[in-house]
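Whatever order the structure lists them in is the order used to number ligands and atoms, beginning at 1. The figures here come from the full heavy-atom set of this structure, side chains too, leaving out hydrogens, waters and symmetry mates.
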Amino acid sequence: MPRLAYVNGRFLPHRGAQVHIEDRGYQFADGVYEVVPVAHGRLVDEELHLDRLERSLRELRIPMPMKREALKLVSHELARRNGLTYGFVYMQVTRGVAPRDHKFPKSVRPALVMTTRQMKPAGEKTLAEGIRVITVPDIRWKRRDIKSTSLLPNCLAKQQAYEAGAAEAWLVDDDGTVTEGSSTNAWIVTRDGRIVTRKATQDILNGITRQVLVKVAEEEGLTLEERPFTVAEAYDAKEAFLTSSTNFVMPITRIDERSVGNGHPGEITGKLRRAYIATFAPDGGVR
Ligand code: PDD
């Protein structure tokens, strides 16, 4: 069975799946997307992802391409047909196909594309060692709360990290505070054990992993502060980690050229990772 994609109403072989050259997503990045993790064959926090998709679309005045229940049926069916056990479903909605013109076309139907990707959970070695991030200036627009497909600054930052031998880039605003990672949310644990992550304003994407982890931290009785932190504060932190749908909770052990804390993944980070995974895999199946 070839891997399938869903393209505007049809399940097609992924290999040859195409969209129109005048899709506004292609010409203007006029669209939004979601990455929904899949574990044990099930979509994780699907309702929260669909809430965010609806919100992103509303902010850009793009209609939902189909009812929410239908979207769920399509994504489940695609995951099932592709035999997806662990990985993610990618969904993208653009304003649609129209002759190139910056202003919104009058009558156009939104275009919907879905793909799936099988992925392995993070390896033992990566989790034991933690990853390195570098800091780079945040050169993005001012509506980072919208999950727009316009990701060029994010791509440039991730490439810079990759070329520096790091796994992620933390984006730094003009005032010296960290906003988030190029495709992840940023967290530190202070020397006195307080967890700090930026508040979900228009400055950052309100990650679904972030939203769930805020609750998990409270349930674990940990102290959480939602506020900006500076690069200097991150250098001085006891622990650091990032969150996203594809990483869950990932320990960071180096920021730029400095070790974080004792250079090993932190205790609170490990506790949060386990507690987060337990929200969708109570048997701890994913680690
Ligand atoms: N990225 N911040 C940014 C800029 C992101 O692109 C993402 C997600 C996150 C974390 O959000 P969540 O916890 O909902 O995955 C934060 C996805 C995974 C991506 O672009 O591939």
Side-chain angles (χ1 to χ4, degrees), residues 25 29 31-39 43-57 59 75 86-93 113-119 121-122 131 133-162 167-173 177-188 197-217 226 228-229 240-250 252 269 272-273 275-277 279-280 286:
V32 303
Y33 74 105
E34 278 298 323
V35 175
V36 189
V38 172
L43 278 73
V44 176
D45 294 322
E46 181 182 23
E47 299 296 343
L48 295 177
H49 281 277
L50 292 177
D51 287 347
R52 187 172 64 186
L53 179 72
E54 285 184 357
R55 180 183 183 279
S56 295
L57 288 170
E59 292 296 316
S75 58
Y86 186 89
F88 60 84
V89 174
Y90 175 82
M91 33 182 105
Q92 178 177 303
V93 183
V113 165
M114 282 192 214
T115 56
T116 67
R117 174 101 58 88
Q118 184 81 23
M119 237 176 57
I131 59 163
V133 301
I134 58 165
T135 57
V136 305
D138 194 337
I139 59 170
R140 299 174 301 162
W141 72 331
K142 293 181 179 160
R143 289 302 309 273
R144 302 152 185 166
D145 56 313
I146 300 172
K147 200 158 172 61
S148 154
T149 56
S150 173
L151 290 172
L152 189 51
N154 309 59
C155 294
L156 294 174
K158 186 79 93 187
Q159 179 64 20
Q160 197 177 331
Y162 171 74
E168 177 60 304
W170 272 8
L171 310 177
V172 182
D173 246 349
T177 60
V178 175
T179 53
E180 60 186 328
S182 71
S183 64
T184 55
N185 286 116
W187 305 66
I188 57 169
T197 196
R198 203 174 177 109
K199 202 170 158 200
T201 62
Q202 295 185 353
D203 292 345
I204 63 162
L205 184 78
N206 190 3
I208 303 302
T209 323
R210 177 195 176 284
Q211 293 172 33
V212 174
L213 203 67
V214 164
K215 290 207 186 100
V216 166
E226 290 181 80
F229 59 85
F241 58 94
L242 57 77
T243 57
S244 81
S245 295
T246 47
N247 287 280
F248 305 150
V249 177
M250 177 60 70
I252 293 168
T269 304
L272 285 173
R273 182 177 170 89
Y276 171 72
I277 288 171
T279 64
F280 60 84
V286 183

Distance under 4.0 Å to a non-hydrogen atom of Gly207: what atoms of ligand 1 satisfy this? 11 (O), 12 (P), 13 (O), 14 (O)
Number the atoms of ligand 1 from 1 as they appear, then name those within less than 4.0 Å of a heavy atom of Ser182, with their elements. 4 (C)
Please could you name the atoms of ligand 1 that Thr209 approaches to less than 4.0 Å, counting only its heavy atoms? 12 (P), 13 (O)
Phe248 and Phe280 aromatic centres sub-6.0 Å: yes
Could you tell me whether Glu226 and Arg198 have a side-chain N and a carboxylate O separated by less than 4.0 Å? no
Taking Ser56 for its side chain and Ile146 for its backbone only, find out whether a donor-acceptor pair lies under 3.5 Å. no
Chi angles and distances behind the salt bridge (charged side-chain N to carboxylate O under 4.0 Å, His left out) call for Glu34, Lys147: CA-CA 7 Å; Glu34 278 298 323; Lys147 200 158 172 61; 5.6 Å; no
At a 4.0 Å threshold, what atoms of ligand 1 neighbour a non-hydrogen atom of Ser245? 12 (P), 13 (O), 14 (O), 15 (O)
Proximity flag Tyr33 to ligand 1, non-hydrogen atoms under 4.0 Å: yes
Starting from atom 21 (O) of ligand 1, find the nearest protein heavy-atom neighbour and note its residue, name and distance. Val35 CG2, 3.7 Å
Which part of Ile208 is near ligand 1, with near meaning a heavy atom under 4.0 Å away: side chain, backbone, both or neither? both
Per-atom contacts, ligand 1 versus Asn185 - under 4.0 Å to a heavy atom: 10 (C), 16 (C)
Taking only heavy atoms of Glu180, which atoms of ligand 1 are found under 4.0 Å from at least one of them? 2 (N), 3 (C), 4 (C), 16 (C)
Close N or O approach (Ser183, ligand 1; < 3.5 Å): yes
Closer than 3.5 angstrom, by distance alone: can the side chain of Glu168 be matched with the main-chain N or O of Ser183 as a donor-acceptor pair? yes
Numbered in order shown, the ligand 1 atoms found under 4.0 Å of a heavy atom of Lys147 are 1 (N), 6 (O), 7 (C), 8 (C), 17 (C), 20 (O)
Could you tell me, atom by atom, which parts of ligand 1 come under 4.0 Å of a heavy atom of Arg52? 11 (O), 14 (O)
Dump the intermediate steps for side chain to side chain contact (heavy atoms under 4.5 Å, CB included) on Thr179 and Arg140, then the final yes or no. CA-CA 11 Å; Thr179 53; Arg140 299 174 301 162; 3.6 Å; yes
Ligand 1 versus Thr184: contacting region, heavy-atom distance under 4.0 Å: backbone
To the nearest 0.5 Å, how far apart are CD1 in Ile188 and CG in Leu242? 13.5 Å
Any chance you could lay out the side chain to side chain contact (heavy atoms under 4.5 Å, CB included) test for Arg52 and Asn206, step after step, and finish with the verdict? CA-CA 9 Å; Arg52 187 172 64 186; Asn206 190 3; 5.6 Å; no
Evaluate the side chain to side chain contact (heavy atoms under 4.5 Å, CB included) criterion for residues Thr269 and Trp187: first the C-alpha distance (whole Å), next the side-chain angles of each, then the deciding distance (0.1 Å), finally the verdict. CA-CA 10 Å; Thr269 304; Trp187 305 66; over 6 Å; no
